[in-house]
Amino acid sequence: MSFHGIEYSPEMVANATTVADDGMPSIFNFPGGNPMLFYIAPDEPLRNEYVHKITNYGGVIADTEPRPSNQIILLSSYHLGHRLAYKFLFVDDSIEQGAVQNLDNYRFGYEGEADDATNHAYEAIKAVGSSPGRTVRNGRITHRFNKVKDDYILKQVRMHPKYRNSHKFFDDLANHPQLEGHTGNSIRSRFRTHLEPKLDWVYKTASDGSLIKDEHGQLIRDTLDNLPKTLKNRFTAEEDYELCQAIVDFNRARFFGAADEHGIVRDETGKPKEFDLYGQLTVPISFFSTLAKTNPMHTPNSWRDRYRKFVSRYGAKKYIDYYDKVTASGGVPEPIKGDSPSTAKAIKQLIGLNYRKDTQSALDEEISQLKSSNIDLAIIAQSQIAPEPLVKFIDRGATLESLISNAFFQVPQEEVEPRITEILESCSQDDISVLIEKLKATGFEPNFTAHIVMATNGDVAKMQEYVHEFLQRMNTQAIADPYELAQISRNGIWTPETDAMLCSGNPADIKRLQQTHDHDEIKRRGNFLKLIGVSVP
DNA sequence: GAGCACACCCACACACCAC
DNA sequence: GGTGGTGTGTGGGTGTGCT
């Protein structure tokens, strides 16, 4: 039996401990995949441990003692006098490095020349050690990382710490011959999952990412405490708070800058105007340049984008309220998030399940769903079921009692809004039915909650805005017509009338809408209406 | 079944451009 | 200069198939 010039005697192979195919990397292989043979004396105290290690990594334990005619490597924990033996450390180091090491470095003090057979084996070992670490199994090529490649990746990251998360950086690394065969994704993944914990230092770099050298031209090691920031930096809750504060302050200064000698600001008709902290607060572009000077962690463009896409949607004062409330209770506030997918999903789910122009059919469907999901509960509950809310506006002629129950008036007035805000925020990850139930407990009837969801596209921030405005109206206006009281029209909050304008497609109507709603909100409303089956041009 | 290599996803930070 | 639109690719993952 002959493989690539290495003679395996029938005796050797028959008695050999076979290679375990347990998914471990094949380290102790000759080029071509043939396993290396090792001999460990039966009385060797470390025999079991190293048999396990060697076979786990692709080697074979032969029962035949090494002879000049075979290429079996004798391993021992001590010097065997005249016999050529190698230390177990060879096995450990090869496994740790992920590739066969130079066997010569592990030889016990043997004075003579290795015979031809051993030299042959060693040459093969050297070849394996310098291979790129490619493993061929069942005709499939995989590229394994090893110590050399890992060190190279770590070195590159240490030299470019600013780019340590960059996809592009790792894509570029994939073109380096040292990492041939690996994709950028693969190298990036290797770094993130295995190597990042080992990155205990980096080379010192300037803010532009260039390496800094000492007076001898040597690169300077730096601790991770001084790790440069990456290309993009997530906005923190503190930064959002700072931005919101700055926006509120700017608007307040601008508003009261227009006050008369009595400190009163008046509208075009001469009526005193109030500073609406919860309204749409705007800032000029120069605001962001100024902000970036005092808060250089983000560029003016980034601050502006943050405002455009998050703060203006959520509401600056609303976030300040949220932040203060959470920190006051010892919690950790979260940065402003975009539309929560779970909320959007929940709304979609609700709309998909419940929205029908025909109230009765929707109700029938809900009851049948209840029955199918939990028939006992459904039967018990059925007698108590009032018509379940749909995502729809309240009807003209709605009474105050149909919107708000007695439970509402049991809650101290100053606690109503905080309580509702808390419910809205806590339900952002839940199904809408949970929201309906919770709001019902505070006195909001299900059809009123459905109205609020309909008016706000189910957007939590807008729902808070709606509730704030509604409660203010309750406190300050005579409630002649509850229907009118509930019609709130402002940016991102809709009424049947504004919907009709949007659906008309009439340019004059759209122009009128644009006086109240910004482009994003109009687009969002169009998508929402389409979702619930309303035709929008 | 676990570990690994690799593919793929998605929100959003940052930038740039046109008007 | 202000504003809206949009492209790029980072940051932070999850999914999949192989060993």
Side-chain angles (χ1 to χ4, degrees), chain A residues 19-27 29 33 56-58 95 98 132-147 149-150 153 157 160-174 179-196 209 227-237 239-240 243 250 254 280 282-292 295-314 334-345 491 514 517-524:
Chain A
V19 182
D21 188 15
D22 60 358
M24 304 297 276
S26 292
I27 293 171
N29 274 0
N56 264 353
Y57 287 89
I95 292 171
R134 188 177 59 183
T135 305
V136 182
R137 283 193 179 180
N138 302 326
R140 186 180 180 276
I141 299 172
T142 58
H143 298 87
R144 292 250 155 205
F145 287 100
N146 56 33
K147 181 76 165 57
K149 291 177 182 178
D150 285 351
I153 297 166
V157 173
H160 308 92
K162 186 184 172 78
Y163 301 96
R164 62 190 177 277
N165 287 329
S166 160
H167 290 238
K168 201 167 182 301
F169 169 68
F170 288 101
D171 283 344
D172 290 344
L173 271 192
L179 297 168
E180 193 184 350
H182 295 279
T183 63
N185 268 325
S186 169
I187 300 166
R188 183 169 179 265
S189 168
R190 177 72 182 176
F191 174 70
R192 284 165 59 83
T193 54
H194 295 92
L195 305 179
E196 200 159 19
L227 205 56
K229 64 175 190 175
T230 51
L231 297 173
K232 292 181 181 178
N233 296 281
R234 302 255 144 185
F235 279 88
T236 63
E239 287 164 0
D240 277 341
L243 175 60
F250 181 92
R254 186 169 57 186
Q280 191 71 12
T282 60
V283 286
I285 200 161
S286 56
F287 169 88
F288 301 105
S289 306
T290 312
L291 189 67
N295 300 279
M297 60 291 260
H298 298 283
T299 63
N301 273 333
S302 302
W303 282 113
R304 176 177 171 244
D305 218 38
R306 189 70 184 167
Y307 161 73
R308 282 200 300 173
K309 292 175 182 164
F310 297 90
V311 174
S312 68
R313 290 248 322 109
Y314 189 94
E334 288 191 14
I336 302 173
K337 294 270 195 308
D339 287 337
S340 158
S342 55
T343 307
K345 197 174 156 192
N491 188 31
Q514 286 169 340
H517 302 274
D518 64 31
H519 177 269
D520 279 352
E521 291 298 349
I522 292 173
K523 205 169 153 188
R524 192 168 288 117

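As the structure is a computational prediction, the values presented were derived from the model and not from experiment.
Listed candidates were C/dT6, B/dC4, B/dA13. Nearest to the side chain of A/R308 is C/dT6. With B/dC4, C/dG11, B/dA13 as the candidates, the nucleotide lying closest to the side chain of A/H194 is B/dC4. Ranking B/dA5, B/dC14, C/dG4 by closeness to the A/R190 side chain, first place goes to B/dA5.
Along DNA chain B, the nucleotide nearest to A/I336 and the one nearest to A/S189 differ in position, and the one closer to the 5' end is contacted by A/S189.
Computed from coordinates, the A/K309 NZ to B/dA15 P distance equals 12 Å when rounded to whole Å. Between A/H160 atom NE2 and C/dT10 atom C1' the separation is 17 Å, expressed in whole Å. The separation between A/W303 atom CH2 and B/dC14 atom C1' is 13 Å, rounded to whole Å. The separation between A/F145 atom CZ and C/dC18 atom C1' is 15 Å, rounded to whole Å. If you take OH of A/Y163 and P of B/dA13, they are 20 Å apart, rounded to a whole angstrom. Rounded to whole Å, atom P of C/dG9 lies 10 Å from atom CG of A/D171. Atom CZ of A/F287 is separated from atom C1' of C/dG1 by 17 Å (rounded to the nearest Å). Between the CG atom of A/N301 and the C1' atom of B/dC14 there is a distance of 7 Å, given to the nearest Å.
Counting non-hydrogen atoms under 4.0 angstrom, A/T183 reaches the backbone sugars and phosphates but no base. Residue contacts for A/G181: at a heavy-atom cut-off of 4.0 Å it reaches the sugar-phosphate backbone alone, with no base atom in range. Counting non-hydrogen atoms under 4.0 angstrom, A/R188 reaches a base of the nucleic acid. Using a 4.0 Å heavy-atom cutoff across all strands shown, A/I285 reaches at least one base atom of the nucleic acid. Within the 4.0 angstrom heavy-atom criterion, no nucleotide atom of any strand lies near A/T193.
Shown here for A/K162 and A/P228, the closest heavy-atom pair between the two residues is N-CG, 3.9 Å. The nearest pair of heavy atoms linking A/F169 to A/V157 is CE2-CG2, 4.0 Å. In terms of heavy atoms, A/T299 sits closest to A/A292 at C-CB, 4.1 Å.
Side-chain atoms of A/R234 stay outside donor-acceptor range of the base of C/dG12, with no qualifying N/O pair under 3.5 Å. Donor-acceptor pairing under 3.5 Å, judged by distance alone, is absent between the side chain of A/R304 and the base of C/dG2. Judged by distance alone, with hydrogens and angles left aside, A/R192 brings no side-chain donor or acceptor close enough to the base of C/dG11 to form a pair under 3.5 Å. Interface remark: the A/D305 side chain does not form any donor-acceptor pair with the B/dC12 base, using a distance-only criterion of under 3.5 Å.
Side-chain N/O atoms of A/T230 include one lying less than 4.0 angstrom from OP1 or OP2 on C/dG11. Dashed line: the shortest gap from a side-chain N or O of A/T299 to OP1 or OP2 of B/dC14 is not under 4.0 Å. Not one side-chain nitrogen or oxygen of A/H167 sits closer than 4.0 Å to the OP1 or OP2 atom of C/dG11. A/S302 has a side-chain polar atom (N or O) that falls below the 4.0 Å cut-off from OP1 or OP2 of B/dC14. In this model, the phosphate group of C/dG1 is not approached by any side-chain N or O of A/S286 to a distance below 4.0 Å at OP1 or OP2. Distances shown here put every side-chain N or O of A/H182 at or beyond 4.0 Å from the OP1 or OP2 atom of B/dA5.
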Treat a base pair as Watson-Crick or G-U wobble with both distances under 3.5 Å, then lay out DNA chain C in dot-bracket form, 5' to 3', with | for cross-strand pairs. .||||||||||||||||||
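Two residues are said to be in side-chain contact when any heavy atoms from C-beta on lie closer than 4.5 Å; A/F145 and A/I153 meet this criterion.
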Step by step, work out the side-chain contact (heavy atoms from CB on, under 4.5 Å) result for A/F170 and A/R190. CA-CA 10 Å; A/F170 288 101; A/R190 177 72 182 176; over 6 Å; no
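Classification of the A/F235-A/W303 ring pair by plane angle, with boundaries at 30° and 60°, yields perpendicular. Note: A/Y307 and A/F288 have tilted aromatic rings, judged against thresholds of 30 and 60 degrees for the angle between ring planes.
A distance of 8.0 Å separates CZ in A/R306 from NE2 in A/H298, rounded to the nearest 0.5 Å.
Between A/R308 and A/D305, at least one side-chain N (NZ, or NE/NH1/NH2) sits under 4.0 Å from a carboxylate O, which counts as a salt bridge.
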